[in-house]
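Okay, so here's the structure we're looking at.
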Amino acid sequence: MSFSVTRVRHRNQKRTAIFGHTWTHIDRRVIGVKSSVMLDLRLIREDMEKVEKALARRNGGFSIRSLAEVDEKFRKTLAEWEGLRARSNQISGEFKTGKVAQEDKEKLKAESIELKANLANSDKEKTELAAKLDELLLAIPNLPDPSVPDGHDETGNVEQKRWGEIPKIANPKEHWELGTALRCFDFERGVKLSESRFTVLLENGAKMERALMNFMLDFHSARGYREVFPPILVNRTCMQGTGQLPKFEGDFYKCADDELYLVPTSEVSVTNLYRDDVLEEADLPIYHTAYSPNFRREAGSAGKDTRGYIRQHQFNKVELVKFCLPERSEEEHEKLTLDAEAILEALQLPYRRMLLCAGDMGFSAKKCFDLEVWFPGQDKYREISSCSNFGDFQARRTNLRYRPADGGKPRYMHTLNGSGLAIGRTLAAILENFQQPDGSVLIPKVLSPYLHGLEVLEPKR
RNA sequence: GGAGAGGUGGCUGAGUGGUCGAAAGCGGCUUCCUGCUAAGAAGUUGUACGGUCAAAAGCUGUACCGAGGGUUCGAAUCCCUCCCUCUCCGCCA
């Protein structure tokens, strides 16, 4: 299987074959975004009411009205500018023929110079409006799918299923207590090395973390996801493409000297793999799985989960990413969610699936399931995976298209992703769910092979 | 970090001021021809946004030769800045 990529390829660049595809390595570092992308401007023009209604279901006011105004002004200015250009080109054409009398030449020159001044004004206005339009468009979140329930926060989420039996544990301990006694975590030294919400994994924790990572990657690979390990530092274009920027600048770590960001999730790098490419319909769907460390500043989370290993600035995660035909994304979303659930089931961790309400969904998502794992020590379900369908939202921002089999014009594909799973939280959940009265923790059977057959973590005497 | 080279259409690759959206070849598509080892012939072939049209086709305007700016009546072509890629050296896992 291979596809040809219809994008520009630079000289001296070699095509690289990967997974049977070929792709081009291009980074145009497009900072400005064409106004035709983001939410479909056409949709906004044609059915503003529908868009407004859909957006109103999200938290925060997103007025389309100002956008429509700017759009109208922009198009008017564009038409003006194009008219001036047309005349200017016409004048150049006259010169080309060489049949212009000397005095007419002078006249034309004079007109052209005058035109140039007008053009400069018009151009400035056009550029400003385009920038304004992009700014507004980039700040608009995806429209919630009609099947997404109303609601403002997590209380509006709808439980869709439960799996597994909640273990009966007398006086359950929390994972940090267990993990500290089992020599999994050293929270103090993490703080010493960087700051709060950074943790050192000690031998058992380090080995468990690594075992989980390998187990999950193998598991997904066996189910048709192809493994990739992309860069952990990505440029701004990537972050904008998946929807992290420009709205949430404060949530991420950034290298001051390089305009590079530490990925908050490998969703960013993996989704951007095919940015600016035109794939063939036959290449879809594409499934990838990737491990990466993730870095989040957790701005706005002050006081939340300050103890333990649940909310860290740096954490490991195995991610699932899909690219598919628009008409298949709903089905692929369900399958992807089942793949994430399969990990929890293999590990024998009780969980439930929540359908997020419109107000609780992330910026780029059109529909999202959260998987929540049971934490006996906390006596509640906690998020461990988030499986989202983005529709064509990210595809527009990343210019990610495919050519239909019938040879028609390239169309935007759909992207999806989900955690499969957040490794730190999985470790914490294992500690809490498989804790024994003596403080030891049984290791899930599927994980033992990744730990040289180890079956139980025992506290040091 | 030092030195050099380079960025043009699906690909290769011409193009140093108007006749260039851009030669030629390859590839793709369409048609024709031939039966013989798969070749030949002809034509066609980028993207985006607008206008015209009931709509499509067609016609038409504008932009796009890495990005941005400048010179000029006019820029792929000249000048400046930046980005990226490649090669060699240094350093390094």
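Note on naming: letters A, B, ... go to the chains in the order of the sequence lines (proteins, then strands), and numbering restarts at 1 for each one. For clarity, every value in this text was computed on a predicted model and none was experimentally measured.
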Specify whether A:Y274 and A:F323 have parallel, tilted or perpendicular ring planes, treating 30° as the upper limit for parallel and 60° as the lower limit for perpendicular.
-> perpendicular
Return the nucleotide paired to [N]: Watson-Crick means purine N1 to pyrimidine N3 with N6-O4 or O6-N4, wobble means G-U with N1-O2 and O6-N3, both under 3.5 Å.
N     : answer
B:U16 : none
B:G61 : B:C49
B:G6  : B:C84
B:U71 : none
B:C92 : none
B:A56 : none
B:G25 : B:C11
B:A41 : B:U31

Between A:R75 and B:C49, is there a side-chain N or O to OP1/OP2 distance below 4.0 Å?
->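 Answer no for this pair, as no side-chain N or O of A:R75 is under 4.0 Å from OP1 or OP2.
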Kindly point out which of B:U62, B:G18, B:U72 is positioned nearest to the side chain of A:N89?
->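 The nucleotide sitting nearest to the side chain is B:U62.
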In terms of side-chain heavy atoms of A:R85, which of B:C73, B:A63, B:G61 is nearest?
-> B:A63
Taking [X] for its side chain and [Y] for its backbone only, find out whether a donor-acceptor pair lies under 3.5 Å.
X      : Y      : answer
A:H313 : A:F295 : no
A:N417 : A:E267 : no
A:D283 : A:E280 : yes

Could you tell me how far [M] sits from [N] if I compare only their [atom1] atoms? Round to whole Å.
N     : M     : atom1 : answer
B:C26 : B:G9  : C1'   : 13 Å
B:C64 : B:A76 : C1'   : 11 Å
B:A75 : B:G17 : C1'   : 7 Å
B:G2  : B:A24 : C1'   : 40 Å
B:G58 : B:U45 : P     : 10 Å
B:U47 : B:C88 : P     : 38 Å
B:A48 : B:U16 : P     : 31 Å
B:G7  : B:G15 : C1'   : 15 Å

Round to a whole Å and report the spacing from [atom1] of [X] to [atom2] of [N].
X      : N     : atom1 : atom2 : result
A:E80  : B:G50 : CD    : P     : 17 Å
A:K409 : B:A57 : NZ    : C1'   : 14 Å
A:L78  : B:G51 : CG    : C1'   : 12 Å
A:W81  : B:C49 : CH2   : P     : 16 Å
A:R236 : B:C82 : CZ    : P     : 21 Å
A:K126 : B:U62 : NZ    : C1'   : 9 Å
A:E111 : B:G74 : CD    : P     : 12 Å
A:L119 : B:G69 : CG    : C1'   : 16 Å

May I ask you to verify whether the side chain of A:E82 and the base of B:G50 hold a donor-acceptor pair under 3.5 Å?
-> no
For the ring pair [X] and [Y], is the centre-to-centre distance below 6.0 Å?
X      : Y      : result
A:F229 : A:Y291 : yes
A:F252 : A:F248 : no
A:F369 : A:H333 : yes

Under 4.0 angstrom, heavy atoms only, what part of the nucleic acid is A:A79 near: base, sugar-phosphate, or nothing?
->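 No contact.
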Contact nearer the 5' end of RNA chain B, comparing A:S112 with A:R87 |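 Its nearest nucleotide lies further toward 5', so the answer is A:R87.
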